[in-house]
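Order of listing sets the numbers, starting from 1, for every ligand and every atom in it.
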Amino acid sequence: MSDDDVELEARLEEQEVFEPSESFVSQANVSDAGIYEEFEENWPECWEGAADLLDWEEPYDQVLDDSNPPFYEWFTDGTINASTNCLDRHLDERGDEAAIEWVGEPVDEDNVTLTYSELHEKVNEAAAALRDLGVGEDDVVTMYMPMIPELPIAMLACARIGAPHSVVFAGFSADALATRMNAADSEYLVTCDGYYRRGDPLDHLDKANEGLGSVEHDTDTVVVDRLGPNGDDFGHDLAADQHDWGELMAANEGATVEPVDRDAEDMLFLMYTSGTTGQPKGVKHTTGGYLAWTAWTSQAVLDIKPEDTYFCSADIGWITGHSYIVYGPLALGTTTMMYEGTPDHPDRDRLWEIVEDYEATQLYTAPTAIRAFMKWGKQYPEAHDLSSLRLLGTVGEPINPRAWKWYYKHIGDEECPVVDTWWQTETGGMMVTTLPGVKDMKPGSAGPPLPGMDIRIVDTNGDEVEPGRAGYLTVNKPWPGMLRTLYKNDERFIEEYWREYSDVDSDDPDDWVYFPEDGAKIDEDGYITVLGRVDDVINVSGHRLGTMEIESAIVGVEGVAEAAVVGGDHEVKGEAVYAYVIVEEGQEESEAFREEIVQGVLDAIGPIARPEQVIFTPELPKTRSGKIMRRLLEDIANEEELGDTSTLRNPEIVEDIRKVVQGN
Ligand code: WTA
């Protein structure tokens, strides 16, 4: 342990509760503790305040229509356009202020500031260009792009013309792109030639083209030229159904597109996320409720004000970037930052350099990043003036108290509150976290449910558990930002999220309970500690991966007979992928074959799912009914004491596998 760690632990280790600083509270957007009671008494009308943060074309009739649970409708019959709310309405007062500060990889000093007027102009041109291509209302447009300004421009252009977007994380593989385009019947793709990683140009169009090869219907593709001449070596030629973004934009220079009136319940976007089965789930978010939810939580939790320069280091390819880089912050008219690169290039102080240069006021990042910063050492943040920061946030996975305290001290100088925000792709926005101007913080615990949320920790029967005991997190009342269904699959929506704790034959909303598949416990003060997923989903560096998706990729490799994937603890990533593999008769268990298996995963999903270890085993531990006992495999990966093996059909195999992994 370094001297610094010793000092930090001595002073902060004992401290379990942290009060927000007076300087923060005195200026916080929400500082009245009465809000909790007020929302409870006035539910669901309490959400009118969130809707009031937006400009509506037609006012809504009813805050919540819960007549057909779990198909709840919010702000019924209201009409609204998301791009108007993120752009047009800010033009008078903030037209010349920065909407997006884009920081590129430090290759050619080509950072971009887009003012609200400029962004508005570009979004209009892009909307006109997409329309020219034939994109109509309700056509799903897929985007497969890294963190370049054209990504939010294309998203807002879609919102303007009422075409839902489906953004696929650029790090995903060609196969993953094809699966998502096929599932959504998406006929349009916006992508780019390539991008930079640690200073080097990286081919992206090649991967997109490979994916398009497996799309079952005709498509039109728009290609952004990110690399210019640095991409010449890739030798890309656009096919007949591929169009150059720059040319389309030039052809539509100065165009204006009337925003389409969308019903509050019309789809704003789809986002595919991992679930228990191999098939990703198409989470559907709507226009009114989602926008109200992201705007309200951005204001209440992230404390965003128009004059802020707010920095979220997530990728827009995930829900965090959708809600808290694009829609929430822009709806509030603030300056939102986008960073294309990685935190360790050209050096490990890259984020701190950006915070200092842009005088960022908030930083919202993931625990995995904080654990990496901690490992690199405090000298990196110490070399920069971070005093512009007012609030820190984390999202994506549980944060351990040590990492929380390091963040609080070395980044926030013990002045910035830290909000640990629990939520999911499906919830659209934050659900459990402290209101930073109201509540004390407890490192390791996300905090109480937000006002208006009815969240309970229950046992398998649905009865609330005692404080301190582990149980399952459930949401007992609907909220505006919730997913409305899984795309074209209402049945799976009910199966995945509701059946467990609901009376699915009932019309009474009180009988319907949303189950996010997380384990959790609650303390005497109502603070919730989220323990992690209880389904077959693992969380690698804050990225959600289905073990079944990885298993099917592995089984797809010739020579593999069977595979089981589990998450094992990892110091920086939180969890890492452990793959247990049975090979086919005659297949050698060689290092080369291990690499083939790893490559199979990279091809099917992408580098985020790269197995940390591939373990060859003659058998997998199975119950008598033939179910793989993943829990035992997890115990082995984590070198924990092995759980009960007596119900196994083949208990002896467990010891054999343990020896292979642990080497003794
Ligand atoms: C986990 C990311 C503990 C959780 C916004 C959830 C967390 C899954 C936290 C959703 C947190 C997210 N503390 N666990 N503050 N935030 N999770 O859909 O298991 O990518 O179910 O959404 O991440 O991941 P998703």
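- Per-residue contacts place Thr425 under 4.0 angstrom from the following atoms of ligand 1 (heavy atoms of the residue considered): 18 (O), 20 (O), 22 (O), 25 (P).
- Ligand-side atoms of ligand 1 in range of Val530: 3 (C), 14 (N), range being under 4.0 angstrom from any heavy atom.
- Between the choices Pro398, Gly444, Gly321, Ala520, the shortest heavy-atom distance to atom 3 (C) of ligand 1 belongs to Pro398.
- Test Trp47, Tyr290, Trp479 against Trp296 for ring-ring contact (aromatic ring centres under 6.0 Å, His included) and you get one pass: Trp47.
- Within the listing of ligand 1, atoms 1 (C), 7 (C), 9 (C), 12 (C), 16 (N), 17 (N), 23 (O) sit less than 4.0 angstrom from a heavy atom of Gly396.
- Cation-pi geometry between Arg180 and Phe172 is met: the NZ or CZ atom falls under 6.0 Å from the ring centre, inside 45° of the normal.
- Less than 4.0 angstrom separates some heavy atom of Asn539 from each of these atoms of ligand 1: 1 (C), 23 (O).
- Neither side chain, Gln362 nor Asp303, offers a donor N or O lying under 3.5 Å from an acceptor on the other.
- Closest protein heavy atom to atom 11 (C) of ligand 1: Glu397 O, 3.5 Å.
- Arg484 and Thr286 share a donor-acceptor pair across their side chains, judged by distance under 3.5 Å alone.
- Among protein heavy atoms, atom 10 (C) of ligand 1 sits closest to Trp423 O, 3.6 Å.
- More than 12 heavy atoms of other residues, nucleotides or ligands shown are found within 6.0 angstrom of CZ on Arg492.
- Donor-acceptor pairing under 3.5 Å is lacking for the side chains of Glu101 and Thr309.
- Under a 4.0 Å heavy-atom criterion, Ala446 is not in contact with ligand 1.
- Here Arg544 has side-chain heavy atoms under 4.0 Å from ligand 1, and that is the only part of it that gets that close.
- Polar contact check, Thr394 against ligand 1: no nitrogen or oxygen pair lies under 3.5 Å apart.
- Under the 4.0 Å criterion applied to side-chain N and carboxylate O atoms, Arg456 and Asp454 are assigned as salt-bridge partners.
- Put simply, part of Trp422 is less than 4.0 Å from ligand 1, judged by heavy atoms.
- The shortest N/O to N/O separation between Arg533 and ligand 1 falls below 3.5 Å.
- Protein heavy atom closest to atom 4 (C) of ligand 1, with residue, atom name and distance, is Asp518 OD2, 3.1 Å.
- By the criterion of a heavy-atom distance under 4.0 Å, neither the backbone nor the side chain of Ile399 is placed next to ligand 1.
- No side-chain donor from either of Tyr324 and Thr421 sits under 3.5 Å from a side-chain acceptor of the other.
- When heavy-atom distances to ligand 1 are checked against a 4.0 Å cut-off, Thr421 comes that close only through its backbone atoms N, CA, C and O.
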Residue pair Glu496, Lys281: steps toward the salt bridge (Lys or Arg N to Asp or Glu O under 4.0 Å) verdict
CA-CA 10 Å; Glu496 296 263 1; Lys281 308 190 264 200; 3.1 Å; yes
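- With a 6.0 Å cutoff to the six-membered ring centre and a 45° limit on the axis angle, Lys284 does not count as a cation-pi contact of Tyr487.
- Interface of Val395 with ligand 1, defined as ligand atoms under 4.0 Å from a residue heavy atom, comprises 5 (C).
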